[in-house]
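Hydrogens, waters and symmetry mates play no part in the numbers below; they use all other heavy atoms, side chains included.
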Amino acid sequence: QVQLVESGGGSVQTGESLRLSCAASGYTYSSKSVAWFRQAPGKEREGVARINTYGGLRHFTYYADSVKGRFTISRDNAENTVYLQMNSLKPADTAMYYCAAGVSLTAGLRETGFDYWGQGTQVTVSS
């Protein structure tokens, strides 16, 4: 049974950092796509960052314009975990963050092609 478990969320002040983790069980991230999405209250879910891995070695990353230069997505093959390092957090980053994984290695941050989703971890940034 495939399970994605997010962790690392919390409440921080503007300008602080958090690192989210997405650990997979029953599933390996090699040659897969993993992405982070977020949904704020009253808003649609949006893509934040995505990492596509080709042959277990080459990685391509994609970021929403709103987080470029502040967020970094990465993966640890040994731990079968994908991370989202979030720096210089803003109140606008407040949302429930979800990780998703799938075999489709398309570019961009659309939700299509992701087979598995985690339950989410809450990030709250106060001013």
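The nearest pair of heavy atoms linking Pro91 to Ser126 is CG-C, 4.5 Å. The shortest non-hydrogen separation linking Gly26 to Val2 is O-CG2, 3.4 Å. Between Phe37 and Gly47, the shortest heavy-atom distance links the atoms CD2-CA, 3.4 Å.
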Could you go through Gln122 and Thr94, starting from their C-alpha distance and side-chain angles, then the distance that decides it, and tell me whether this counts as side-chain contact (heavy atoms from CB on, under 4.5 Å)? CA-CA 8 Å; Gln122 178 67 39; Thr94 295; 4.1 Å; yes
Let me see the working for Met86 and Val12 under side-chain contact (heavy atoms from CB on, under 4.5 Å), right down to the final yes or no. CA-CA 11 Å; Met86 306 187 296; Val12 296; over 6 Å; no
Passes side-chain contact (heavy atoms from CB on, under 4.5 Å), Tyr83 versus Asp76? Steps please. CA-CA 8 Å; Tyr83 302 99; Asp76 184 327; 3.8 Å; yes
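When the salt bridge (Lys or Arg N to Asp or Glu O under 4.0 Å) test is applied to Glu79, no partner is found at least two apart in sequence or on another chain. Contacts of Glu16 classified as salt bridge (Lys or Arg N to Asp or Glu O under 4.0 Å), with partners at least two apart in sequence or in another chain: none. Under the side-chain hydrogen bond (donor to acceptor under 3.5 Å, both in side chains) criterion, Ser17 pairs with Asn87, not counting sequence neighbours. A search for salt bridge (Lys or Arg N to Asp or Glu O under 4.0 Å) contacts involving Arg19 returns nothing, not counting sequence neighbours. Checked against side-chain contact (heavy atoms from CB on, under 4.5 Å), Ser7 has the following partners two or more places apart in sequence or in another chain: Ser21. Remark: Lys90 pairs with no residue by the salt bridge (Lys or Arg N to Asp or Glu O under 4.0 Å) rule, at least two apart or across chains. A search for side-chain hydrogen bond (donor to acceptor under 3.5 Å, both in side chains) contacts involving Glu44 returns nothing, not counting sequence neighbours.
Residues Leu89 and Thr14 fail the side-chain proximity criterion, which asks for heavy atoms closer than 4.5 Å. The shortest distance between side-chain heavy atoms of Arg70 and Asp93 falls below 4.5 Å. Looking at Ile73 and Tyr62, their side chains never come closer than 4.5 Å, going by heavy atoms from C-beta outward.
Residues Leu20 and Val34 are members of one and the same hydrophobic cluster, defined by side-chain heavy-atom contacts under 4.5 angstrom among Ile, Leu, Val, Met, Phe, Trp and Tyr. Note on Tyr63: it clusters hydrophobically with Val123, by side-chain heavy-atom contacts below 4.5 Å among ILVMFWY residues. Grouping the Ile, Leu, Val, Met, Phe, Trp and Tyr side chains by contacts below 4.5 angstrom, directly or via other members, places Leu4 apart from Leu109. No continuous path of ILVMFWY side-chain contacts below 4.5 Å connects Tyr98 to Leu84, so the two sit in separate hydrophobic clusters.
Rounded to the nearest 0.5 Å, atoms CD (Gln85) and CG (Leu18) are 8.5 Å apart. Here CE of Met96 is found 9.0 Å from CD of Glu6. Values are rounded to the nearest 0.5 Å. Here OG of Ser25 is found 8.5 Å from CG of Asn80. Values are rounded to the nearest 0.5 Å.
Between the Tyr97 side chain and the Gln39 main chain, no donor and acceptor come within less than 3.5 Å of each other.
Sorted by first and then second residue, the disulfide (SG to SG under 2.5 Å) pairs with a member in residues 44-95 form an empty list; sequence neighbours excluded. Residue pairs satisfying the disulfide (SG to SG under 2.5 Å) criterion with at least one member in residues 48-77, sequence neighbours excluded, are absent. Legend: disulfide (SG to SG under 2.5 Å) pairs involving residues 8-111, not counting sequence neighbours, sorted by first then second residue: Cys22-Cys99. Among residue pairs with one or both ends in residues 110-121, those qualifying as side chain to side chain donor-acceptor pair (under 3.5 Å) are Arg45-Glu111; sequence neighbours excluded.
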Expected list for residues 48-55: side-chain donor-acceptor pairs under 3.5 angstrom, two or more places apart:
from  : atom 1 : to     : atom 2 : distance (Å)
Arg50 : NE     : Ser33  : OG     : 2.7
Arg50 : NE     : Asn52  : OD1    : 3.1
Arg50 : NE     : Thr106 : O      : 3.4
Arg50 : NH1    : Thr106 : O      : 3.4
Arg50 : NH1    : Gly108 : O      : 3.0
Arg50 : NH2    : Ser33  : OG     : 3.2
Arg50 : NH2    : Ser104 : O      : 2.9
Arg50 : NH2    : Thr106 : O      : 3.1
Arg50 : NH2    : Thr106 : OG1    : 3.3
Asn52 : OD1    : Ser33  : OG     : 2.5
Asn52 : ND2    : Leu105 : O      : 3.3
Asn52 : ND2    : Thr106 : O      : 2.9
Thr53 : OG1    : His59  : ND1    : 2.9
Thr53 : OG1    : Arg75  : NH1    : 2.4
Tyr54 : OH     : Leu105 : O      : 3.2

